[in-house]
**Q** 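Next up is a structure, given as C-alpha cells.
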Number of protein chains: 2
Amino acid sequence: MVVDPDAVFHALADATRRDILMRVIRSGQSVSELARAYPMSFAAVQKHVAVLERAELVSKTRRGREQIVQGEVGALRLVARLLDGYEHLWRQRAAGIERILEEEQ
Amino acid sequence: MVVDPDAVFHALADATRRDILMRVIRSGQSVSELARAYPMSFAAVQKHVAVLERAELVSKTRRGREQIVQGEVGALRLVARLLDGYEHLWRQRAAGIERILEEEQ
DNA sequence: CTAACGTACAACCACATGGTTGTAGATCCG
DNA sequence: CGGATCTACAACCATGTGGTTGTACGTTAG
C-alpha cells in the first residue's frame, strides 16, 4: 500500500498527534502510557493513534496485554520529499525570472 | 504572525489545494483562472484559496478587477524543517540503539 | 451608461472529526 | 478462580469541513 499524502498531512495537522508521534519515535510506548500523558480520555488517544496508524506514521505490536506504538519514519520521508518538490518548483520559477531579467539587459 | 503548523498541514491535506499550490507556485493565477481548472464551483475554489491563505502558503494581490494568487514558500520551508526534526529524532533513536548494541558486545 | 466579469460573502446541507461514555473481550497477577 | 489492567469498539454529540446556490458590489469593456 502506497502512502496517501491526504492521510499523512491530515494526521500531522493536530498538535496532540504530532506530540504522540514525537514520543513514540523517541521510544515505543503503550497506548495507556500515551493516554496518561494527555488531558483526555483513553478512547480519544486511541483514536489519535488510529489516525497516525492509517497514515502509516506509526505501527502497533502486541506485547502481552499491551499494544506498543512505534514511530515509522517512511511516510514522513515521503511527504518531506513532496514538500521539497514544491520548493523545487519555486526555485525553478525564481530561476526563470532571473533568466528573463538577465536577457532583458 | 508566526506560521501555525496545524493550519499548514491542514491546508496541505487536500489534493485540490496541493494542486492549486503547485499551479500558483509555478506562476500566479487569478481566482477565476484557478476556478476554471477544477470541476467545482467558483465559491468552492475561493474557499480552498482562503484555507491556503490562512496557512500563509499563498498570498493575493489585486490587479485590476482580478485577484492574483501567488505561492509563498516561507511556510513550506518551516513545516519541511519540522519534518526534518522528526527524522532527526528518529536518527538519534537509531544511533542510541546502535550504541547500546555496541556496548553489549 | 449598461452589460459582463471577477470577487466576496452569507446561508444552507451532508458528512467527517474530536471529544465523550459505556460495554465487552483478553491478558496478567494474587 | 476472580479481580485488575489494557485494549477495542459502538453510540452519541457538538463543531468543522467541503460542497452548493444566491446575492451584492466594484471594475472593465463596448
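Basis for what follows: all heavy atoms, side chains included, without hydrogens, waters or symmetry-related copies.
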**Q** Give the rounded distance in Å between these two atoms: CZ of B/Phe42 and P of C/dA10.
**A** 15 Å

**Q** Rounded to the nearest angstrom, tell me the gap between atom CD in A/Gln46 and atom C1' in C/dG25.
**A** 13 Å

**Q** D/dC6 phosphate, OP1 or OP2: any side-chain N/O from A/Lys60 under 4.0 angstrom?
**A** no

**Q** Kindly state each residue pair satisfying side chain to side chain donor-acceptor pair (under 3.5 Å) with at least one member in residues 75-85 of chain A, sequence neighbours excluded.
**A** A/Arg77-B/Glu87

**Q** Without decimals, in angstroms, what is the distance between A/Met40 CE and C/dT17 P?
**A** 17 Å

**Q** Any side-chain heavy-atom pair from B/Leu34 and B/Gln29 closer than 4.5 angstrom?
**A** yes

**Q** What is the nucleic acid contact for B/Ala35, judged by heavy atoms within less than 4.0 Å: base, sugar-phosphate only, or nothing?
**A** nothing

**Q** Does B/Glu53 reach the main-chain N or O of B/Ser59 with its side chain, forming a donor-acceptor pair under 3.5 Å?
**A** no

**Q** Could you give the CD-to-P distance, from B/Glu66 to D/dT28, as a whole number of Å?
**A** 10 Å

**Q** Could you walk me through whether B/Val79 and A/Leu83 pass side-chain contact (heavy atoms from CB on, under 4.5 Å), step by step?
**A** CA-CA 8 Å; B/Val79 294; A/Leu83 295 187; 3.6 Å; yes

**Q** Show every donor-acceptor pair shorter than 3.5 Å between a side-chain atom in residues 40-49 of chain A and any protein atom, with sequence neighbours excluded, or say none if there are none.
**A**
residue, atom, partner, partner atom, Å
A/Ser41, OG, A/Ala44, N, 3.2
A/His48, ND1, A/Arg17, NH1, 3.2

**Q** Among C/dG19, D/dC9, D/dT21, find the nucleotide with the atom closest to the side chain of A/Ala43.
**A** D/dC9

**Q** Nearest nucleotide by nearest heavy atom, which residue falls closer to the 5' end of DNA chain D, B/Asp14 or B/Arg62?
**A** B/Asp14

**Q** Do the side-chain N or O atoms of A/Lys47 get closer than 4.0 angstrom to the phosphate oxygens (OP1, OP2) of C/dT20?
**A** no

**Q** Tell me which nucleotide among D/dT27, D/dT21, D/dT7 gets nearest to the side chain of B/Arg65.
**A** D/dT27

**Q** Rounding to a whole Å, what distance do you find between B/Glu33:CD and C/dC5:P?
**A** 15 Å

**Q** What integer distance in Å separates A/Arg54:CZ from D/dA8:C1'?
**A** 16 Å

**Q** Among the nucleotides D/dG19, D/dT7, D/dT17, which one has an atom lying closest to any side-chain atom of B/His10?
**A** D/dT17

**Q** With a non-hydrogen cut-off below 4.0 angstrom, is A/Thr16 in contact with a base, only sugar-phosphate, or nothing?
**A** nothing

**Q** Would you say A/Gln67 places a side-chain N or O within less than 4.0 Å of OP1 or OP2 belonging to D/dA8?
**A** yes

**Q** Strictly below 4.0 Å: does A/His48 bring a side-chain N or O up to OP1 or OP2 of C/dG19?
**A** yes

**Q** Over how many whole Å does the gap from B/Ile20 atom CD1 to D/dG19 atom C1' extend?
**A** 13 Å

**Q** Look at B/Arg18 together with B/Asp14 and state whether they make a salt bridge at an N to O cut-off of under 4.0 Å.
**A** no

**Q** Want to settle it: does A/Gly64 or A/Ala13 sit nearer the 5' end of DNA chain C, counting the closest nucleotide to each?
**A** A/Ala13

**Q** Check the phosphate of D/dT20 against B/Ser41, side-chain N and O only, distance under 4.0 Å to OP1 or OP2. Yes or no?
**A** yes

**Q** Determine: side-chain N/O of A/Arg63 to OP1/OP2 of C/dT27, distance under 4.0 Å, yes or no.
**A** no

**Q** Expressed as a whole number of angstroms, how long is the span from B/Arg18:CZ to D/dG18:P?
**A** 12 Å

